[in-house]
Enquirer: 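Next up is a structure, given as structure tokens.
These values consider heavy atoms only, across backbone and side chains, with no hydrogens, waters or symmetry-generated copies.
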Amino acid sequence: MVRPAAYAPRQTAAAVLDDAVCSLAPHADANRLVQRIAAGRAPRSVFATFALEQHHVVTCDRLSFQHLARRADGDPPVADFFDLLAQGETLALQRLAGLLDACELTEREITGYRPRPGCQAYPSYGARLALSAEPTDVVIALAANFAAWCGYCAVVDAAMRDHYAFSEAARGFFALFAEPAPELDDTARAAVQHGLDTGQTRPAAAHRYGRLLQAYEIMFWNSVGE
């Protein structure tokens, strides 16, 4: 017997987000650099390159999240998510300073650094989404990407301690993302549920964005390692 549309089960944000995380998870062997770092086989110089590239990535991402928050001004649960992300990027920049210092990078080297195209594809695409994508769809795409990103950061944080003898301050950037973020998870669910309830969320589009974000994420790491 076919149920009337009025009795169709309500789609939940938790289910949509779980599906995105599972469906868009990168292949375990895709990130060659993190594998090398985990085994202690990557040269110490990759951490300086990582820090210099992330200085540009975080700065750009913060602007993108601020713009998405403004675009979602009429949808408070969605705006709250991007406001929280923008605040997180500010903290990430502060934590990144510890790694820049540990790598003995001068202000002149930081400001004069020429970023690698493969590393900056991710924030460039993020800026494109900030301009034209439905914000609630971006929430889903980012949630899937963050699951992979945070996993990588946890591996690198442990390897920096065990194989490279970096201080706690130097590892602070990675530790920030390796830690559970229940507030962010709750805010993401609220944003996506709002999108589902208002008809704004389009999971198919979100998955399209997420696949590209994951590809650019992998490109970032592997470009750092080249």
Side-chain angles (χ1 to χ4, degrees), residues 10-28 30-31 34 54 57-58 60-72 75-92 121-155 173-221:
R10 179 174 181 252
Q11 194 173 23
T12 67
V16 169
L17 289 166
D18 287 347
D19 178 58
V21 170
C22 293
S23 300
L24 301 175
H27 192 277
N31 192 325
V34 167
Q54 272 297 318
V57 172
V58 173
C60 181
D61 283 352
R62 181 170 59 179
L63 291 173
S64 294
F65 298 150
Q66 289 171 342
H67 185 71
L68 281 158
R70 289 194 294 270
R71 287 185 56 209
D75 300 288
V78 184
D80 288 347
F81 174 81
F82 290 111
D83 279 333
L84 191 60
L85 286 187
Q87 295 168 24
E89 296 301 282
T90 297
L91 179 56
Y122 179 101
S124 297
Y125 184 63
R128 173 181 162 186
L129 294 180
L131 288 173
S132 60
E134 174 60 50
T136 57
D137 294 338
V138 181
V139 176
I140 298 170
L142 286 172
N145 175 241
F146 289 164
W149 163 255
C150 293
Y152 295 146
C153 286
V155 171
F173 177 87
F174 297 99
L176 172 65
F177 293 104
E179 297 169 353
E183 182 181 5
L184 184 62
D185 293 341
D186 291 345
T187 308
R189 283 192 293 271
V192 173
Q193 193 62 60
H194 176 81
L196 291 169
D197 294 344
T198 58
Q200 298 176 64
T201 297
R202 302 169 301 165
H207 280 227
R208 184 167 67 250
Y209 304 148
R211 278 191 292 272
L212 285 171
L213 280 177
Q214 297 286 52
Y216 292 137
E217 173 78 40
I218 296 298
M219 187 185 297
F220 169 85
W221 288 95

Enquirer: Could you note down all residue pairs passing ring pair (Phe, Tyr, Trp, His ring centres under 6.0 Å) where residues 185-218 supplies at least one of them, sequence neighbours left out?
Expert: Y125-Y216
Enquirer: Of all residues at least two apart in sequence or in a different chain, which pass the salt bridge (charged side-chain N to carboxylate O under 4.0 Å, His left out) check with D197?
Expert: R10
Enquirer: Considering only heavy atoms from C-beta outward, does the side chain of D80 approach that of L84 to under 4.5 Å?
Expert: no
Enquirer: How close do A121 and M219 get, counting heavy atoms only, and between which atoms?
Expert: CB-SD, 3.9 Å
Enquirer: Run the side-chain contact (heavy atoms from CB on, under 4.5 Å) check on D75 and T136 step by step: do they pass?
Expert: CA-CA 10 Å; D75 300 288; T136 57; over 6 Å; no
Enquirer: Quick one, Q54 with F220, criterion side-chain contact (heavy atoms from CB on, under 4.5 Å). Give me CA distance, side-chain angles, the key distance, then yes/no.
Expert: CA-CA 10 Å; Q54 272 297 318; F220 169 85; 3.3 Å; yes
Enquirer: Quick one: side chains of residues 137-152, donor-acceptor pairs under 3.5 Å with protein atoms, not counting sequence neighbours, listed by atom name and distance.
Expert:
{"residue": "D137", "atom": "OD1", "partner": "R202", "partner atom": "N", "Å": "2.7"}
{"residue": "D137", "atom": "OD2", "partner": "R202", "partner atom": "NE", "Å": "3.1"}
{"residue": "D137", "atom": "OD2", "partner": "R202", "partner atom": "NH2", "Å": "3.2"}
{"residue": "N145", "atom": "OD1", "partner": "Y122", "partner atom": "OH", "Å": "2.6"}
{"residue": "N145", "atom": "ND2", "partner": "Q214", "partner atom": "OE1", "Å": "2.8"}
{"residue": "N145", "atom": "ND2", "partner": "E217", "partner atom": "OE1", "Å": "3.3"}

Enquirer: What residues form a side-chain hydrogen bond (donor to acceptor under 3.5 Å, both in side chains) with S64, not counting sequence neighbours?
Expert: none
Enquirer: Could you check whether any side-chain heavy atom of L68 comes within less than 4.5 Å of a side-chain heavy atom of L85, counting everything from C-beta outward?
Expert: no
Enquirer: Show the atom names and distances, to 0.1 Å, of all donor-acceptor pairs under 3.5 Å that link a side chain in residues 177-191 to residues at least two apart or in another chain.
Expert:
{"residue": "D186", "atom": "OD1", "partner": "R189", "partner atom": "NH2", "Å": "2.3"}
{"residue": "T187", "atom": "OG1", "partner": "E183", "partner atom": "O", "Å": "2.7"}

Enquirer: Enter the distance from L213:CG to L129:CG here, rounded to the nearest 0.5 Å.
Expert: 5.5 Å
Enquirer: Indicate the atoms forming the closest heavy-atom contact of P26 with I218, along with that distance.
Expert: CB-CD1, 4.2 Å
Enquirer: Measuring only between side-chain heavy atoms, which start at C-beta, is T201 closer than 4.5 Å to E134?
Expert: no
Enquirer: So which heavy atom on P135 is nearest to which on R71, and how close?
Expert: CD-NH2, 3.8 Å
Enquirer: Can you name the closest pair of heavy atoms from V58 and A92 and give their distance?
Expert: CG1-CB, 4.3 Å
Enquirer: Who passes side-chain contact (heavy atoms from CB on, under 4.5 Å) against T90, sequence neighbours left out?
Expert: R62, Q94
Enquirer: What residues form a side-chain hydrogen bond (donor to acceptor under 3.5 Å, both in side chains) with S124, not counting sequence neighbours?
Expert: none
Enquirer: D83 and A69: which non-hydrogen atoms are nearest, and at how many Å?
Expert: OD1-CB, 3.3 Å
Enquirer: Tell me, please, which residues at least two apart from S23 pass side-chain hydrogen bond (donor to acceptor under 3.5 Å, both in side chains).
Expert: D19
